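What follows is a short report on a single structure.
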Amino acid sequence: MCGITGWVSFHQDPRTQAPVIEAMTAALTRRGPDAGGVWLGERAAIGHRRLAVIDLEGGVQPMTDRSDRPDLVLTYSGEVYNHHQLRTELRGRGHEFHTRSDTEVVLRAYAEWGEAVAEHLEGMFAFAVWDERAQRLLLVRDRLGVKPLFWATVDGGLAFASEPKALFAHPEIRPRVDADGLREAYSLLFNTGPTVWSGVREVEPGSVLVLDRAGIRERRYWQLEATDHTDDQDAAVERIRALVGGAARSQLEADVPLCSLLSGGIDSTVLTALLADELRLREGPDARIRSYAVDYSDQARQFTGDVLRTGHDTPYAAEAGAFIGTDHSTVVLDPRALLDPEHRKAVVVARDSPIGVGDMDTSLYLLFGEIRRHSTVALSGEAADEVFGGYPWFHNPKALAADTFPWLLVTGDEAAMPLNPELDLRIAEFRDDTYRTALAAVPHTDGESPTEHRQREMQHLSLTRWLRQLLHRKDRLSMAQGLEVRVPYCDHRLVEYAFTTPWALKSFDGREKSLLRAMGAGLAPDSVLHRPKNHYPATHHPDYNRGLQDLARDALASEQVRALTDETRIKACLDTPPDRLEWGHRLRLERVVDLSLWLDHYRPELAL
């Protein structure tokens, strides 16, 4: 896993501006702490920061097809899990290889298939290929958008990077925010393409962007499709077992220490069990995979349920670890660590955004820091809720009947929107328009029942929007600690199959994630298999609430923060006793604090 960046201009010679690509590349050092390099040509400058995971000696980047006057230059981030099969196929087509890295497989695959290269790759990836012969830049992003890739236009071309901060090291791209950017950030709709930053866009998941002398064009090479499903319940469970197991096995490859994130929920427990079984097959019966969970000091005593959480995770994680036979650790955090301004600033800088989830972001960042002391790769159960229908909105009649994005009924306008109403962002209207557009993009089959029709909409919205911000969060906070996180439930074949599976099969036992629970029988303790859905934990310590209120008061000392926020709504949260501060109101304070840190670090031009 790495950081990639570069720029192409048909009006300038990047060789005269080497410090620009060097600064852009340096901005991504935390994504790639092991090595860095740049390549300069007459029309292109390419940079790379490396986190070495496979073929530690041979995967140096930027990688070229030959050392003398190369035709192709690649900067690549991610993992292609079918690289062994592709290497065999490409050798059969006459290609020679000099390394064991998947990077070289991607380079040779482009040489063979050109712009159609993405269709041949399986995994999580974002990469750029500069083709000297064709004078063409190709940007490619994986199907689900696990790995990020941003771009912005410059004179005569464009610049690209794994994170916006690297783009801002280019003299033509400045951190600027307008009303559209604030709407994108604070509406919580997770649109594809636009970002909070004016002029900065994402390459959309499952897309290829091409720049040549004719201009910029973008095409999708993958998207969800609705097809008829013919498997019965038993066949569907077997198919899910094969797909999840195959994804888990394919993602165990690494030349560095590897571990699993084990929260004590069904998603991570089933995945960890599959990984542990495969590791024992490969390395012997005594092999044990490391597993990690996060908890908070006094959580067992202070825990109280809320709209997202029904119980304390740690006992379930420990039970699951013992059942599977992992080398399990729990990272325990206290309020001081979560409130530390340096930690909070590091999180905001990692996100490049004022929008996050407060202590849940900081705790994840700190958890990843602890894991990185022992492992370089971690596997996560992210996306199982989207794939198998685990969220409350798949089952709540009120959410199913609502004429809006279902997660807004959980996050709520009150928590999500501390912005000054005088900005007149018309977010309600923006949400309505975006919702109509989102529903129009959902594929359907002929003859769907009303229930099936609505559930397909809910799953499409969850997979193409809600999941996007979770993947961003996991990528940014892990890579800020130099840790690669893999997400087997994002395997596109699994996602495709589950999307076509009728809702009656997804909920055949009257509960959430029926298919995953059925395939997981014997892989997890019954207590874990049958516990209700529980979201990522948050601290319930009154000292944290008290400290958060103090940070929010300090944030409001800034005139710029006050100009952007609704002080009346924030004051109500500041006046609430710390032990009675509800989760939604606390989230409002979290976002005021993060807004202050974001403004202070980036000092963006506000064009409102």
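Remember, predicted model here, so these are calculated numbers, not experimental data.
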(message) If you apply the rule side-chain contact (heavy atoms from CB on, under 4.5 Å), what do you find for Leu121 with Val140, and how did you get there?
(response) CA-CA 11 Å; Leu121 308 179; Val140 180; 5.5 Å; no
(request) Decide ring pair (Phe, Tyr, Trp, His ring centres under 6.0 Å) for Trp197 and Phe168; before the verdict, give the C-alpha distance in whole Å, the side-chain angles of both, and the deciding distance to 0.1 Å. (result) CA-CA 10 Å; Trp197 303 107; Phe168 299 146; 4.9 Å; yes
(request) Evaluate the criterion side-chain contact (heavy atoms from CB on, under 4.5 Å) for residue pair Phe125 and Asp102; output intermediate values, then yes/no. (result) CA-CA 11 Å; Phe125 47 81; Asp102 57 337; over 6 Å; no
(message) Before you tell me yes or no, could you show the steps for Asp385 and Trp466 under side-chain contact (heavy atoms from CB on, under 4.5 Å), namely the whole-Å CA-CA distance, both residues' side-chain angles and the distance that decides it to 0.1 Å?
(response) CA-CA 11 Å; Asp385 285 304; Trp466 179 257; over 6 Å; no
(message) Using side-chain contact (heavy atoms from CB on, under 4.5 Å), reason through Val294 and Leu364 one step at a time and then give a plain yes or no.
(response) CA-CA 8 Å; Val294 67; Leu364 193 61; over 6 Å; no
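Not one N or O on the side chain of Arg603 forms a donor-acceptor pair closer than 3.5 Å with the backbone of Trp598. Side chain of Glu172 to backbone of Asp155: a donor-acceptor contact under 3.5 angstrom is found. Remark: the backbone N or O of Arg288 is not paired with any side-chain donor or acceptor of Asp327 at under 3.5 angstrom. In terms of modelled atom types and a separation under 3.5 Å, the side chain of Arg141 and the main chain of Val203 share a donor-acceptor contact. Within the 3.5 Å criterion, the main-chain N or O of Pro62 finds no donor-acceptor partner in the side chain of Arg50. Proximity of a side-chain donor or acceptor of Glu104 to a complementary backbone N or O of Gly58 within less than 3.5 Å is not detected. Formation of a donor-acceptor pair under 3.5 Å by the Asn82 side chain with backbone atoms of His120 is found in this model. Side-chain atoms of Ser260 never come within 3.5 Å of backbone atoms of Leu262 as a donor-acceptor pair (strictly under, hydrogens ignored). At least one donor-acceptor pair closer than 3.5 Å links the side chain of Ser162 to the backbone N or O of Ile4. Between the side chain of Ser375 and the backbone N or O of Val377, no donor-acceptor pair lies under 3.5 Å.
Nearest heavy-atom pair, Leu167 versus Ile173, reported as atom, atom and distance to 0.1 Å: O-CB, 3.5 Å. Cys2 and Met479 make their closest contact through N-CE, 3.9 Å (heavy atoms, listed as atom of the first residue, atom of the second, distance). The two residues Phe10 and Leu211 come nearest to each other via the heavy atoms CE1-CG, 4.2 Å. Closest non-hydrogen pair, Tyr365 versus Ala480, comes out as CE1-CB, 4.0 Å. Of all heavy-atom pairs between Ser380 and Pro488, the closest is O-CD, 3.5 Å. Across every non-hydrogen atom of Val331 and Leu367, the tightest pair is CG2-CD1, 3.7 Å.
Between Thr269 and Leu523, the closest side-chain pair of non-hydrogen atoms is not below 4.5 Å. Looking only at side-chain heavy atoms (C-beta outward), Phe190 and His472 stay at 4.5 Å or farther from each other. Side-chain contact between Val117 and Val129 is absent, with no heavy-atom pair separated by less than 4.5 Å. Residues Phe97 and Val105 are in side-chain contact: their nearest non-hydrogen atoms beyond the backbone lie under 4.5 Å apart. Contact check for Leu261 versus Ile371: side-chain heavy atoms found under the 4.5 Å cut-off. In this structure, the side chains of Ser462 and Leu467 stay at 4.5 Å or more apart for every pair of heavy atoms. Side-chain contact check for Val80 versus Phe127: every heavy-atom pair is 4.5 Å or farther apart. The shortest distance between side-chain heavy atoms of Trp130 and Gln135 falls below 4.5 Å.
Note on Arg93 versus Glu89: salt bridge recorded, some NZ/NE/NH1/NH2 to OD/OE distance being below 4.0 Å. Note on Arg476 versus Asp352: salt bridge recorded, some NZ/NE/NH1/NH2 to OD/OE distance being below 4.0 Å. Ion pairing of Glu119 with Arg219 is present here, as a side-chain N (NZ or NE/NH1/NH2) and a carboxylate O approach within less than 4.0 Å. Taking a cutoff of 4.0 Å between a charged side-chain nitrogen and a carboxylate oxygen, Asp361 and Arg351 qualify as a salt bridge. With respect to Glu132 and Arg69, no salt bridge is recorded, no charged nitrogen being found less than 4.0 Å from a carboxylate O. Remark: Glu238 engages Arg241 in a salt bridge, criterion side-chain N to carboxylate O under 4.0 Å. The pair Arg136-Asp131 counts as a salt bridge, with a side-chain nitrogen and a carboxylate oxygen less than 4.0 angstrom apart. Using a cut-off of 4.0 Å between Lys/Arg side-chain N and Asp/Glu carboxylate O, Glu115 and Arg217 are scored as salt-bridged. A salt bridge is absent between Glu605 and Arg174; no separation between the charged side-chain nitrogens and carboxylate oxygens falls under 4.0 Å.
Remark: the Tyr110 side chain and the Asp65 side chain contain no N/O donor-acceptor pair separated by less than 3.5 Å. Inspection of the Glu253 and His83 side chains reveals an N or O donor paired with an N or O acceptor under 3.5 Å.
For Arg373, the CZ atom is loosely surrounded, since the number of other residues' heavy atoms within 6.0 Å does not exceed 12.
Seen from the ring of Tyr81, Arg486 does not count as a face-on cation partner, given the 6.0 Å and 45° thresholds. Relative to the ring axis of Phe499, Arg456 places its NZ or CZ within 45° and under 6.0 Å from the centre.
With values rounded to the nearest 0.5 angstrom, Ile240 atom CD1 is found 5.5 Å from Leu494 atom CG.
Put simply, the residue from Glu163, Glu484, His48 that forms a side chain to side chain donor-acceptor pair (under 3.5 Å) with Arg31 is Glu163.
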